[in-house]
J.: 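Before I ask anything, let me first share the structure, which is written out below as C-alpha coordinates.
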Amino acid sequence: MSRQAYVNGQFVPHGQASVHIEDRGYQLADGVYEVWAVFGGKLSDAEGHFARLWRSLDELRIPHPMSRKALEVVLKETLRRNRIREGLLYLQVTRGVARRDHAFPTVPTTPSLVITAKSLDRAASNTKAEAGIGVITLPENRWGRCDIKTVGLLPNVLAKQAAREQGGAEAWFVDAEGFVTEGASSNAWILRKDGVLVTRDTGANILRGITRHSLLDVIAKAGLKVEERAFTPAEAMEAQEAFITGAGALVTPVITIDGKPVANGHPGEMALRLRGLYIEHAQNAGI
(Lines give C-alpha, C1' and ligand atoms only; values in the text may rest on other atoms or scores of the structure.)
Protein backbone atom coordinates (compact mmCIF):
# COMPACT_ATOMS: atom_id res chain seq x y z
CA MET A 1 0.00 0.00 0.00
CA SER A 2 1.45 3.37 -1.04
CA ARG A 3 1.66 6.28 1.37
CA GLN A 4 -1.34 8.61 1.51
CA ALA A 5 -1.37 12.34 2.25
CA TYR A 6 -4.33 14.49 3.26
CA VAL A 7 -4.46 17.70 1.20
CA ASN A 8 -7.29 20.21 1.56
CA GLY A 9 -10.15 17.82 2.06
CA GLN A 10 -9.03 14.65 0.32
CA PHE A 11 -6.56 11.80 0.60
CA VAL A 12 -4.19 11.45 -2.34
CA PRO A 13 -1.12 9.30 -3.12
CA HIS A 14 1.84 10.83 -1.32
CA GLY A 15 3.85 11.14 -4.52
CA GLN A 16 1.07 13.13 -6.20
CA ALA A 17 0.27 15.48 -3.32
CA SER A 18 0.63 19.18 -4.15
CA VAL A 19 -0.43 22.70 -3.21
CA HIS A 20 -1.02 25.76 -5.38
CA ILE A 21 2.05 27.77 -6.43
CA GLU A 22 0.56 30.85 -4.76
CA ASP A 23 -0.09 29.18 -1.44
CA ARG A 24 1.20 31.68 1.12
CA GLY A 25 2.99 28.94 3.03
CA TYR A 26 5.06 28.15 -0.06
CA GLN A 27 5.78 31.76 -1.01
CA LEU A 28 5.89 33.59 2.34
CA ALA A 29 6.21 30.92 5.08
CA ASP A 30 2.80 32.20 6.22
CA GLY A 31 1.79 29.10 8.13
CA VAL A 32 2.33 26.86 11.13
CA TYR A 33 2.93 23.18 11.76
CA GLU A 34 2.77 20.48 14.40
CA VAL A 35 4.45 17.09 14.76
CA TRP A 36 3.00 14.28 16.85
CA ALA A 37 4.98 11.24 17.92
CA VAL A 38 2.95 8.07 17.33
CA PHE A 39 3.11 5.13 19.73
CA GLY A 40 1.02 2.03 19.14
CA GLY A 41 -1.01 3.84 16.49
CA LYS A 42 -1.94 6.63 18.89
CA LEU A 43 -1.05 10.33 18.94
CA SER A 44 1.24 11.13 21.85
CA ASP A 45 0.76 14.25 24.00
CA ALA A 46 -2.29 15.10 21.91
CA GLU A 47 -3.76 17.77 24.17
CA GLY A 48 -0.56 19.79 24.23
CA HIS A 49 -0.13 19.65 20.46
CA PHE A 50 -3.71 20.71 19.78
CA ALA A 51 -3.43 23.60 22.25
CA ARG A 52 -0.16 24.80 20.69
CA LEU A 53 -1.59 24.48 17.18
CA TRP A 54 -4.61 26.64 18.04
CA ARG A 55 -2.36 29.17 19.78
CA SER A 56 0.03 29.41 16.82
CA LEU A 57 -2.87 29.89 14.40
CA ASP A 58 -4.45 32.54 16.61
CA GLU A 59 -1.16 34.44 16.98
CA LEU A 60 -0.88 34.64 13.18
CA ARG A 61 -4.62 35.28 12.77
CA ILE A 62 -5.08 32.23 10.56
CA PRO A 63 -8.59 30.69 10.89
CA HIS A 64 -8.78 27.17 12.29
CA PRO A 65 -9.17 24.82 9.28
CA MET A 66 -11.81 22.71 11.09
CA SER A 67 -13.01 21.84 14.57
CA ARG A 68 -10.86 19.91 17.02
CA LYS A 69 -13.18 16.91 16.78
CA ALA A 70 -13.12 16.87 12.97
CA LEU A 71 -9.35 17.31 12.86
CA GLU A 72 -8.89 14.43 15.27
CA VAL A 73 -10.86 12.20 12.90
CA VAL A 74 -8.69 13.22 9.93
CA LEU A 75 -5.44 12.70 11.87
CA LYS A 76 -6.46 9.21 12.95
CA GLU A 77 -7.61 8.35 9.43
CA THR A 78 -4.20 9.44 8.13
CA LEU A 79 -2.55 7.03 10.54
CA ARG A 80 -4.96 4.25 9.57
CA ARG A 81 -4.51 4.69 5.82
CA ASN A 82 -0.74 4.68 6.20
CA ARG A 83 -0.76 1.80 8.72
CA ILE A 84 1.39 3.75 11.14
CA ARG A 85 1.98 2.10 14.49
CA GLU A 86 5.26 3.74 15.46
CA GLY A 87 6.24 6.98 13.80
CA LEU A 88 5.55 10.66 13.29
CA LEU A 89 2.54 12.61 12.01
CA TYR A 90 3.10 16.03 10.41
CA LEU A 91 0.40 18.70 10.04
CA GLN A 92 0.74 22.06 8.30
CA VAL A 93 -1.78 24.89 8.07
CA THR A 94 -1.18 27.99 5.95
CA ARG A 95 -3.23 31.11 5.33
CA GLY A 96 -4.14 29.67 1.95
CA VAL A 97 -3.90 30.69 -1.69
CA ALA A 98 -3.89 34.35 -2.67
CA ARG A 99 -2.26 36.74 -5.10
CA ARG A 100 1.26 37.37 -3.79
CA ASP A 101 1.38 40.33 -1.40
CA HIS A 102 3.09 40.63 1.96
CA ALA A 103 -0.01 41.97 3.72
CA PHE A 104 -2.93 39.68 4.49
CA PRO A 105 -5.27 39.08 1.52
CA THR A 106 -8.06 41.65 1.39
CA VAL A 107 -10.50 38.89 0.48
CA PRO A 108 -10.58 36.14 3.16
CA THR A 109 -8.88 32.93 2.09
CA THR A 110 -9.52 29.32 3.02
CA PRO A 111 -6.63 27.88 5.05
CA SER A 112 -4.63 25.13 3.39
CA LEU A 113 -4.28 21.92 5.41
CA VAL A 114 -1.74 19.20 4.68
CA ILE A 115 -1.18 16.06 6.81
CA THR A 116 1.39 13.32 6.28
CA ALA A 117 2.63 10.41 8.38
CA LYS A 118 5.63 8.10 8.31
CA SER A 119 6.83 5.07 10.21
CA LEU A 120 9.92 5.09 12.42
CA ASP A 121 12.15 2.27 13.55
CA ARG A 122 11.96 2.64 17.34
CA ALA A 123 14.75 0.11 17.82
CA ALA A 124 17.09 2.19 15.65
CA SER A 125 16.01 5.34 17.52
CA ASN A 126 16.78 3.70 20.85
CA THR A 127 20.17 2.55 19.58
CA LYS A 128 20.98 6.13 18.57
CA ALA A 129 19.93 7.41 21.99
CA GLU A 130 22.03 4.79 23.73
CA ALA A 131 25.06 6.00 21.75
CA GLY A 132 24.36 9.70 22.37
CA ILE A 133 24.74 12.63 19.99
CA GLY A 134 26.91 15.68 19.55
CA VAL A 135 25.67 19.26 19.45
CA ILE A 136 27.30 22.47 18.31
CA THR A 137 26.57 26.02 19.48
CA LEU A 138 25.67 28.90 17.18
CA PRO A 139 24.66 32.54 17.72
CA GLU A 140 20.88 33.01 17.97
CA ASN A 141 19.74 34.51 14.66
CA ARG A 142 16.04 33.67 14.53
CA TRP A 143 13.08 36.03 14.77
CA GLY A 144 11.83 37.01 18.21
CA ARG A 145 8.63 34.93 18.11
CA CYS A 146 10.00 31.41 18.34
CA ASP A 147 7.04 30.63 20.61
CA ILE A 148 4.97 30.35 17.41
CA LYS A 149 5.58 27.08 15.57
CA THR A 150 5.88 28.68 12.15
CA VAL A 151 7.07 26.97 8.97
CA GLY A 152 9.72 29.72 8.55
CA LEU A 153 12.66 27.51 9.54
CA LEU A 154 15.59 28.63 7.38
CA PRO A 155 17.88 29.51 10.36
CA ASN A 156 17.10 26.09 11.83
CA VAL A 157 17.89 24.42 8.51
CA LEU A 158 21.28 26.15 8.31
CA ALA A 159 22.01 25.29 11.94
CA LYS A 160 21.21 21.61 11.38
CA GLN A 161 23.41 21.56 8.29
CA ALA A 162 26.28 23.18 10.20
CA ALA A 163 25.91 20.53 12.90
CA ARG A 164 25.98 17.74 10.33
CA GLU A 165 29.09 19.17 8.67
CA GLN A 166 30.82 19.20 12.06
CA GLY A 167 29.86 15.63 12.86
CA GLY A 168 26.97 16.50 15.18
CA ALA A 169 23.24 15.90 15.13
CA GLU A 170 21.84 19.10 16.66
CA ALA A 171 22.70 22.78 17.16
CA TRP A 172 22.02 24.87 20.25
CA PHE A 173 21.32 28.56 19.70
CA VAL A 174 23.05 30.96 22.10
CA ASP A 175 21.55 34.43 22.68
CA ALA A 176 23.32 37.78 22.95
CA GLU A 177 23.72 37.34 26.72
CA GLY A 178 25.54 34.04 26.20
CA PHE A 179 22.71 31.71 27.25
CA VAL A 180 21.46 28.64 25.41
CA THR A 181 17.93 29.22 24.12
CA GLU A 182 17.05 25.87 22.50
CA GLY A 183 18.04 23.49 19.74
CA ALA A 184 17.26 23.80 16.06
CA SER A 185 14.48 21.21 16.50
CA SER A 186 14.52 20.42 20.20
CA ASN A 187 14.68 21.79 23.73
CA ALA A 188 17.98 21.73 25.61
CA TRP A 189 18.55 20.27 29.11
CA ILE A 190 21.40 19.67 31.51
CA LEU A 191 21.75 17.73 34.77
CA ARG A 192 23.89 19.51 37.34
CA LYS A 193 26.31 17.52 39.47
CA ASP A 194 24.04 18.08 42.47
CA GLY A 195 21.23 16.20 40.69
CA VAL A 196 19.13 19.21 39.66
CA LEU A 197 17.78 19.27 36.11
CA VAL A 198 17.86 22.59 34.23
CA THR A 199 16.04 23.72 31.07
CA ARG A 200 15.34 27.18 29.65
CA ASP A 201 12.08 28.83 30.72
CA THR A 202 9.53 29.39 27.96
CA GLY A 203 9.19 33.06 28.92
CA ALA A 204 12.31 33.57 26.84
CA ASN A 205 10.13 33.19 23.69
CA ILE A 206 11.49 29.74 22.94
CA LEU A 207 9.21 27.09 21.51
CA ARG A 208 6.90 25.65 24.12
CA GLY A 209 8.00 22.08 23.49
CA ILE A 210 5.24 19.58 24.14
CA THR A 211 7.67 16.77 24.89
CA ARG A 212 9.45 19.19 27.23
CA HIS A 213 6.16 19.97 28.98
CA SER A 214 5.25 16.30 29.38
CA LEU A 215 8.73 15.48 30.64
CA LEU A 216 8.33 18.11 33.35
CA ASP A 217 5.28 16.15 34.54
CA VAL A 218 7.27 12.91 34.41
CA ILE A 219 10.08 14.54 36.38
CA ALA A 220 7.66 15.80 39.03
CA LYS A 221 6.13 12.32 39.43
CA ALA A 222 9.61 10.85 39.80
CA GLY A 223 10.34 13.30 42.64
CA LEU A 224 13.26 14.94 40.82
CA LYS A 225 14.24 18.60 41.11
CA VAL A 226 14.17 20.92 38.10
CA GLU A 227 14.95 24.59 37.49
CA GLU A 228 13.49 26.45 34.51
CA ARG A 229 16.18 29.04 33.83
CA ALA A 230 18.90 30.02 31.42
CA PHE A 231 22.26 28.26 31.35
CA THR A 232 25.44 28.88 29.38
CA PRO A 233 27.40 26.47 27.17
CA ALA A 234 30.13 26.64 29.84
CA GLU A 235 27.70 25.46 32.53
CA ALA A 236 26.58 22.68 30.19
CA MET A 237 30.19 21.59 29.77
CA GLU A 238 30.55 21.38 33.55
CA ALA A 239 27.29 19.44 33.95
CA GLN A 240 26.96 15.79 34.82
CA GLU A 241 24.75 15.19 31.77
CA ALA A 242 23.10 16.97 28.86
CA PHE A 243 20.22 15.93 26.63
CA ILE A 244 17.56 17.16 24.22
CA THR A 245 13.82 16.60 23.98
CA GLY A 246 11.40 16.71 21.07
CA ALA A 247 8.71 14.73 19.25
CA GLY A 248 11.35 13.07 17.10
CA ALA A 249 14.23 12.91 19.57
CA LEU A 250 11.99 12.03 22.55
CA VAL A 251 14.79 12.22 25.17
CA THR A 252 18.25 11.86 23.63
CA PRO A 253 21.55 12.16 25.53
CA VAL A 254 24.14 14.71 24.40
CA ILE A 255 27.70 13.46 24.79
CA THR A 256 29.68 16.28 23.14
CA ILE A 257 29.27 20.04 22.80
CA ASP A 258 31.36 21.73 20.11
CA GLY A 259 33.43 18.57 19.88
CA LYS A 260 34.26 18.44 23.59
CA PRO A 261 32.93 15.65 25.83
CA VAL A 262 30.23 16.28 28.41
CA ALA A 263 31.41 14.63 31.65
CA ASN A 264 32.83 11.24 30.66
CA GLY A 265 31.60 11.54 27.06
CA HIS A 266 29.04 8.75 27.43
CA PRO A 267 25.21 8.89 27.50
CA GLY A 268 24.02 9.81 30.98
CA GLU A 269 22.06 7.42 33.15
CA MET A 270 19.50 10.10 34.04
CA ALA A 271 18.78 10.94 30.41
CA LEU A 272 18.28 7.29 29.52
CA ARG A 273 16.09 6.80 32.60
CA LEU A 274 13.95 9.79 31.64
CA ARG A 275 13.71 8.51 28.08
CA GLY A 276 12.26 5.26 29.38
CA LEU A 277 9.85 7.05 31.69
CA TYR A 278 8.73 9.41 28.92
CA ILE A 279 8.12 6.57 26.45
CA GLU A 280 6.05 4.77 29.10
CA HIS A 281 4.06 7.98 29.63
CA ALA A 282 3.57 8.49 25.89
CA GLN A 283 2.39 4.92 25.35
CA ASN A 284 -0.24 5.31 28.06
CA ALA A 285 -1.43 8.81 27.22
CA GLY A 286 -2.10 8.66 23.47
CA ILE A 287 -5.43 9.10 21.71
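Keep in mind the model is a prediction, meaning the values are calculated, not measured.
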J.: Report the distance from atom CG of Leu43 to atom NE2 of His49, rounding to the nearest 0.5 Å.
T.: 8.5 Å
J.: Locate the shortest heavy-atom distance separating Trp36 from Ser44; write the atom from each residue and the value.
T.: CD1-O, 3.4 Å
J.: Is Lys149 salt-bridged to Glu34, going by a charged N under 4.0 Å from an acidic O?
T.: no
J.: Any side-chain heavy-atom pair from Thr181 and Cys146 closer than 4.5 angstrom?
T.: no
J.: For Ala37 and Leu250, work out which heavy atoms get closest and say how close.
T.: CB-CD2, 4.4 Å
J.: Can you tell me how far the OG1 atom of Thr94 sits from the CD atom of Gln92, to the nearest 0.5 Å?
T.: 6.5 Å
J.: Given 3.5 Å as the limit, does a donor-acceptor pair link the side chain of Arg52 with the main chain of Arg208, or not?
T.: yes
J.: Short question: side chain of Glu86, backbone of Gly40 - any donor-acceptor pair under 3.5 Å?
T.: yes
J.: What's the shortest heavy-atom distance between Arg24 and Ala103, and which atoms?
T.: NH1-O, 3.3 Å
J.: With a 4.5 Å cut-off on side-chain heavy atoms, are Glu182 and Trp172 touching?
T.: no
J.: So if you build clusters from Ile, Leu, Val, Met, Phe, Trp, Tyr with side-chain heavy-atom gaps below 4.5 Å, do Trp189 and Val196 land together?
T.: no
J.: Looking at His266, is its backbone amide N or carbonyl O close enough to the side chain of Asn264 to form a donor-acceptor pair, meaning the two atoms are under 3.5 Å apart?
T.: yes
J.: Quick one: CG on Leu88 to OG1 on Thr116, what's the gap to the nearest 0.5 Å?
T.: 9.5 Å
J.: Between Ser125 and Arg275, does any side-chain donor sit less than 3.5 Å from a side-chain acceptor?
T.: yes
J.: Quick one: sort the His64 and Trp54 rings into parallel, tilted or perpendicular, breaks at 30° and 60°.
T.: parallel
J.: Counting neighbours of CD on Glu269 that are heavy atoms of other residues, nucleotides or ligands and sit closer than 6.0 Å, is the number greater than 12?
T.: no
J.: Which atom names give the shortest non-hydrogen contact between Gly152 and Ala29, and what distance separates them?
T.: CA-CB, 3.8 Å
J.: With no hydrogens and no angle check, do the side chains of Thr137 and Asp258 hold a donor and an acceptor under 3.5 Å apart?
T.: yes
J.: Does the side chain of Ile190 come within less than 4.5 Å of Val180's, by heavy atoms?
T.: no
J.: Is Arg212 salt-bridged to Glu228, going by a charged N under 4.0 Å from an acidic O?
T.: yes
J.: Report yes or no: is the cationic atom of Arg61 (NZ for Lys, CZ for Arg) under 6.0 Å from the centre of the six-membered ring of Phe104, at an angle within 45° of the ring normal?
T.: no
J.: So which of Val93, Thr150, Leu53, Leu153 actually passes side chain to side chain contact (heavy atoms under 4.5 Å, CB included) with Tyr33?
T.: Leu153
J.: Is the closest side-chain heavy-atom distance between Ile206 and Asn187 below 4.5 Å?
T.: yes
J.: Would you indicate whether Lys42, at its atom NZ, is surrounded by more than 12 heavy atoms from other residues, nucleotides or ligands within a distance under 6.0 Å?
T.: no
J.: Salt bridge or not for Arg273 and Glu241, using N-O below 4.0 Å?
T.: no
J.: Identify whether the distance between the nearest side-chain nitrogen and carboxylate oxygen of Lys69 and Glu72 falls below 4.0 Å.
T.: no
J.: Should Val262 and Ile257 count as side-chain neighbours, where that means a heavy-atom distance under 4.5 Å?
T.: yes
J.: At what distance, to the nearest 0.5 angstrom, does CE of Met237 lie from NZ of Lys260?
T.: 6.5 Å
J.: Would you say the side-chain atoms of Glu140 pair up with the backbone N or O of Ala176, donor to acceptor, closer than 3.5 Å?
T.: no
J.: Provide the closest heavy-atom pair for Ala263 versus Ala239 in the form atom of the first, atom of the second, distance.
T.: CB-O, 3.9 Å
J.: Keeping the roles fixed (side chain from Gln4, backbone from Thr78), state whether a donor-acceptor pair exists under 3.5 Å.
T.: no
J.: Taking the side chain as C-beta and beyond, is there a heavy-atom pair between Leu71 and Leu91 under 4.5 Å?
T.: yes
J.: Measure from NZ or CZ of Arg81 to the centre of the six-membered ring of Tyr6 and say whether it is under 6.0 Å with the direction within 45° of the ring axis.
T.: no
J.: What I'd like to find out is whether the side chain of Trp143 reaches to under 4.5 Å of the side chain of Ile148, using heavy atoms alone.
T.: yes
J.: Would you find more than 12 non-hydrogen atoms of other residues, nucleotides or ligands less than 6.0 Å from Arg229 atom CZ?
T.: yes
J.: Using a 3.5 Å distance criterion without hydrogens, assess whether the side chain of Asp147 forms a donor-acceptor pair with backbone atoms of Leu207.
T.: no
J.: For the pair Arg68 and Glu47, find out whether any cationic side-chain nitrogen is under 4.0 Å from an anionic carboxylate oxygen.
T.: yes
J.: If I compare all heavy atoms of Leu57 with all of Pro65, which pair ends up nearest, and what's the gap?
T.: CD1-CD, 4.0 Å
J.: Looking at His281, I want to see if its NE2 is surrounded by more than 12 non-hydrogen atoms of other residues, nucleotides or ligands under 6.0 Å.
T.: yes
J.: Have a look at Pro253 and tell me which of Leu272, Ile244, Leu274 forms a side chain to side chain contact (heavy atoms under 4.5 Å, CB included) with it.
T.: Leu272
J.: I'd like to know if the side chain of Arg95 and the backbone of Leu60 have a donor-acceptor N/O pair within less than 3.5 Å.
T.: yes
J.: Distance from Thr245 atom OG1 to Leu215 atom CG, nearest 0.5 Å?
T.: 6.5 Å
J.: Working to the nearest 0.5 angstrom, can you tell me the gap between Ile255 CD1 and Thr252 OG1?
T.: 11.5 Å
J.: Under 4.5 Å between any side-chain heavy atoms of Val114 and Tyr90, yes or no?
T.: no
J.: Tell me if a side-chain donor or acceptor on Asp45 pairs with a main-chain N or O of Gly48 at a distance below 3.5 Å.
T.: no
J.: Are Lys225 and Glu227 close enough for a salt bridge, meaning some N to O gap below 4.0 Å?
T.: no
